[in-house]
Amino acid sequence: MSGPHLRDFNRIVFFTGAGMSAESGVPTYRGAGGIWKEYDYRRYACQDAFNRDPAAVWEFHNYRRRLVAACAPNLGHRIIARAGQRETRVTVVTQNIDGLHALSGSRDILELHGNLWRVRCDTCGVKQQDPHEPREQLRCDGCGGWWRPDIVWFGDFLNDATLHSAKQLISSCDLFVSVGTSAVVYPAAHLPEYARAGKALRVEINPDETPASELYDVHLRGPATEMLTRLADGDPQLLDPA
Ligand code: APR
C-alpha cells in the first residue's frame, strides 16, 4: 500500500531554507558550523557594514561565492525540480541565495532573500548577473557607485512584489512543505501562517523542532534528501498527521 504522492496534490509550495542545501555542502547560518557563529553579521551582512567597509563585505561575499561554486544541487533539489515537471503547479519559495534550486531545474522560484550571483549598484540601482568568483569589479560602470550583492542583509527590506506573490501562492496551495529552515528570521518565518489560513496540508522537514513546528500537521524529523525521497515515493505512513 502506498500513501499520497506529491503528484496527488494540485498546487505545492516548497518553502526552503539553508538546511535544504546543507547536504550539498553549503553551510547553514545557525547551529553547528553555522556561518554567523564564525562571522559577525554586523561586520559583514548589513548596509551599515557595507557603508563602513565595502571591501571587507565583498571579501566575505566572495568567500561565500567560492563555497557555493564548489557545491552542486543534491537529491532533494532534484526531487523538487522533478515534481515541477508534472501537471502539478510547484513553486519554490526560498530563503536561500545559492541558486541551487534553479541549477537543479526548478523553474518557478521566488527568492525571498535575493541571489548571491546577482549584484546591484548601491547608488543607481542597476542590476547585473555575475556567475564568476571572485567578483572583481566593485564599481559601477555607469555611475561609479559600489556594486553590492543583490541579497537581503539584516535590516534590509524584502522585495514587495516577491513577498506578495509568495503570500498569494502559499495561501492557495494544497500542500506546503517547509524544508530546512530554523524559522527565526522574519518576515519569511511568518509565511507558513498563510498555508494554515489556506488549509493546506503542512509538512515540516527538519531534523530539529523549530519555533514554527506547531504550525505543521506533519513533522518529518530527518535530513532533507531522505525525507523528500520518502515523500516522493509515497511512503504510506509519512503524511499521517501524528
Ligand atoms: N535537512 C533539513 N534540515 C536541515 C539539515 C538537513 N540536512 N541540516 C540542517 N537543517 C536545519 C537546521 O535544523 C535548521 O533548523 O536547517 C535549519 C537551518 O537554519 P538557518 O541556518 O537559520 O537557515 P535559515 O532558516 O534558512 O535562515 C534564514 O537567516 O541569516 C539569514 O538571510 C539568512 O536566509 C537566511 C535566514
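Values in this document were obtained by computation on a predicted structure and should not be read as measured data. We count ligands from 1, going down the list as the structure has it; atoms in each ligand are counted the same way. Atom set for the values below is all heavy atoms of this structure, side chains included, hydrogens, waters and symmetry mates excluded.
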(request) Let me know which protein residues bring a heavy atom to under 4.0 Å of ligand 1; chain then number is fine for ordering. (result) Gly17, Ala18, Gly19, Ala22, Glu23, Thr28, Tyr29, Arg30, Trp36, Gln95, His113, Phe154, Gly180, Thr181, Ser182, Val185, Asn206, Pro207, Asp208, Pro223, Ala224
(request) State whether the number of non-hydrogen atoms from other residues, nucleotides or ligands found under 6.0 Å of Arg86 atom CZ is greater than 12. (result) yes
(request) Can you spot which of Arg43, Lys37, Arg42 makes a side-chain hydrogen bond (donor to acceptor under 3.5 Å, both in side chains) with Asp40? (result) Arg42
(message) Test of understanding: with ring pair (Phe, Tyr, Trp, His ring centres under 6.0 Å), list the residues that count as partners of Tyr29, not counting sequence neighbours.
(response) Trp36
(request) Quick one: name the residues clustered hydrophobically with Val184, using the 4.5 Å side-chain heavy-atom rule over I, L, V, M, F, W, Y, and just say none if it's on its own. (result) Val185
(message) Using a strict threshold of under 4.0 Å (side-chain N to carboxylate O), is an ion pair present between Asp130 and Arg118?
(response) no
(message) Can you list everything that forms a side chain to side chain contact (heavy atoms under 4.5 Å, CB included) with Thr229? Sequence neighbours excluded, please.
(response) Leu75, Ile79, Asp233
